[in-house]
Chemist: 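What follows is a single structure, and I will ask about it in a moment.
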Amino acid sequence: MPLGNMNHAMPDTTGPAPNTLSREAEILAALGKRLIVLVGMMGAGKSTIGRRLAARLNLPFVDADTEIEAAAGMTIPEIFELHGEPHFRDGEARVIARLLEAGPGVLATGGGSFMREETRRRIAEKAVSIWLKADPDIILRRVKRRADRPLLQTADPAATVSRLLSEREPAYQHADLTIASRDIPHDKIVEECIEALQARLAPAADERPAIDTVSAAR
Ligand code: S3P
């Protein structure tokens, strides 16, 4: 090939630049050993979205409720019935603390766990949290399909959901990121999680806070 032919010296602009990481790779690199923790009300889609988000990032997925049931050797309604809610909450906090040591991964938490200050602190230390925020009508429609949530076995589940939401939203607002959970394809919600995680963990160079080179050099 003649060396003087400038056409062959033009950079190839069709493919990705050699140093460009995919969004998923950027998120994983910035995440390190931390977990991505999904918080929010029952029926918000934490397990469904969490499982898909984990698959997308090639991370293990773990569901706190399933782990609690395995550790107790009984179902959540059984734990509530035999031992009461305070006992369930203590076990839940212990299981989440243990799971937070085993990152990286994606963890779906039970809707009441983020109410405990100690659990919020641990999650802030060991994870990036996403609040899947759902409207009461969506929550009600979704939870009606199953009878495995002891807190909603009340005469007026709609009133219970709205009371729980007003008690819990101030805590959920402490999550690092908020994504609206609605009735659209799951992959769209996962995509929004990916975008929000990338913006939080690996912002583009022009969005990063400028480094103070003067004090950095001192
Ligand atoms: C609860 C939510 C449930 C489960 C338990 C209590 C709550 O988990 O932990 O029934 O207090 O909101 P999901 O949020 O996964 O349904």
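Along the sequence shown, residues carry numbers from 1. Just so it is clear, the model here is predicted, and its values are computed rather than measured. Order of listing sets the numbers, starting from 1, for every ligand and every atom in it.
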Chemist: Could you check whether any heavy atom of Met115 sits closer than 4.0 Å to an atom of ligand 1, since that is the contact criterion I want to use?
Modeler: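 No, Met115 has no heavy atom closer than 4.0 Å to ligand 1.
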
Chemist: Considering both backbone and side-chain atoms of Asp148, is one of its nitrogen or oxygen atoms within less than 3.5 Å of a nitrogen or oxygen in ligand 1?
Modeler: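 In this structure, Asp148 places no N or O atom under 3.5 Å from an N or O of ligand 1.
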
Chemist: Residues in salt bridge (Lys or Arg N to Asp or Glu O under 4.0 Å) with Arg94, at least two apart?
Modeler: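 In terms of salt bridge (Lys or Arg N to Asp or Glu O under 4.0 Å), with neighbours along the sequence ignored, Arg94 is linked to no residue.
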
Chemist: Closer than 4.0 angstrom, basic N to acidic O: yes or no for Arg23 and Glu191?
Modeler: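 Yes.
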
Chemist: Between Lys188 and Glu192, does any side-chain N to carboxylate O distance fall below 4.0 Å?
Modeler: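 So Lys188 does not pair with Glu192 through a salt bridge.
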
Chemist: Any idea which protein heavy atom is nearest atom 5 (C) of ligand 1, and the distance to it?
Modeler: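 In this structure, atom 5 (C) of ligand 1 has Ile76 CG2, 3.9 Å as its nearest protein heavy atom.
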
Chemist: Give a yes-or-no answer on whether the side chains of Thr119 and Ser113 include a donor-acceptor pair shorter than 3.5 Å.
Modeler: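 Distance-only check fails for Thr119 and Ser113.
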
Chemist: Which ligand 1 atoms does Pro150 reach within 4.0 Å, using its non-hydrogen atoms?
Modeler: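 Contacts of ligand 1 toward Pro150, numbered from 1: 10 (O).
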
Chemist: Salt bridge check, Arg121 against Glu117: does any charged N sit closer than 4.0 Å to a carboxylate O?
Modeler: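 Salt bridge between Glu117 and Arg121, a charged N being under 4.0 Å from a carboxylate O: no.
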
Chemist: Can you tell which of Gly112, Ala64, Gly110 gets a heavy atom nearest to atom 7 (C) of ligand 1?
Modeler: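 Shortest heavy-atom distance from atom 7 (C) of ligand 1: Gly112.
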
Chemist: Output all residues satisfying ring-ring contact (aromatic ring centres under 6.0 Å, His included) with Phe61, sequence neighbours left out; order by chain, then residue number.
Modeler: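 Checked Phe61 against ring-ring contact (aromatic ring centres under 6.0 Å, His included); zero matches.
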
Chemist: Output yes when Asp65 and Arg149 qualify as a salt bridge under the 4.0 Å nitrogen-oxygen rule, no when they do not.
Modeler: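 No salt bridge links Asp65 with Arg149.
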
Chemist: Measure Leu151 to ligand 1 on non-hydrogen atoms and call it side chain, backbone, both or neither using the 4.0 Å cut-off.
Modeler: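 The part of Leu151 near ligand 1 is the side chain, not the backbone.
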
Chemist: If you compare all heavy atoms of Val95 against all heavy atoms of Glu67, which two are closest, and at what distance to 0.1 Å?
Modeler: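 Result for this residue pair: CG1-CB, 3.7 Å.
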
Chemist: So, Arg141 and Asp135, do they make that salt bridge, N to O below 4.0 Å?
Modeler: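 Result for this pair is no, no salt bridge flagged.
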
Chemist: With a 4.0 Å cut-off on heavy atoms, does Glu85 reach ligand 1?
Modeler: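 Contact absent.
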
Chemist: Considering heavy atoms of the protein only, find what lies nearest to atom 6 (C) of ligand 1 and give residue, atom and distance to 0.1 Å.
Modeler: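 Result: Arg89 NH2, 3.9 Å.
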
Chemist: Where the closest heavy atom to atom 13 (P) of ligand 1 is concerned, which of Val143, Asp65, Val39 has it?
Modeler: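 Looking at heavy atoms only, Asp65 sits closest to atom 13 (P) of ligand 1.
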
Chemist: Are any of the N/O atoms on Arg168, whether in the backbone or the side chain, positioned under 3.5 angstrom from an N/O atom of ligand 1?
Modeler: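 For ligand 1, there is an N or O atom that lies under 3.5 Å from one belonging to Arg168.
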
Chemist: For ligand 1, note which part of Arg146 has a heavy atom under 4.0 Å away: side chain, backbone, both or neither.
Modeler: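 Neither; no heavy atom under 4.0 Å.
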
Chemist: Identify, for atom 14 (O) of ligand 1, the protein heavy atom at the shortest distance, and state residue, atom and that distance.
Modeler: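 Nearest neighbour among protein heavy atoms for atom 14 (O) of ligand 1, to 0.1 Å: Lys46 NZ, 2.5 Å.
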
Chemist: Any N/O of Gly111 closer than 3.5 Å to an N/O of ligand 1?
Modeler: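 Yes: some nitrogen or oxygen of Gly111 is under 3.5 Å from one in ligand 1.
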
Chemist: Among all protein heavy atoms, pick out the one at the shortest distance from atom 16 (O) of ligand 1; state its residue, atom name and that distance to 0.1 Å.
Modeler: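 Of the protein heavy atoms, Arg149 NE, 2.8 Å lies nearest.
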
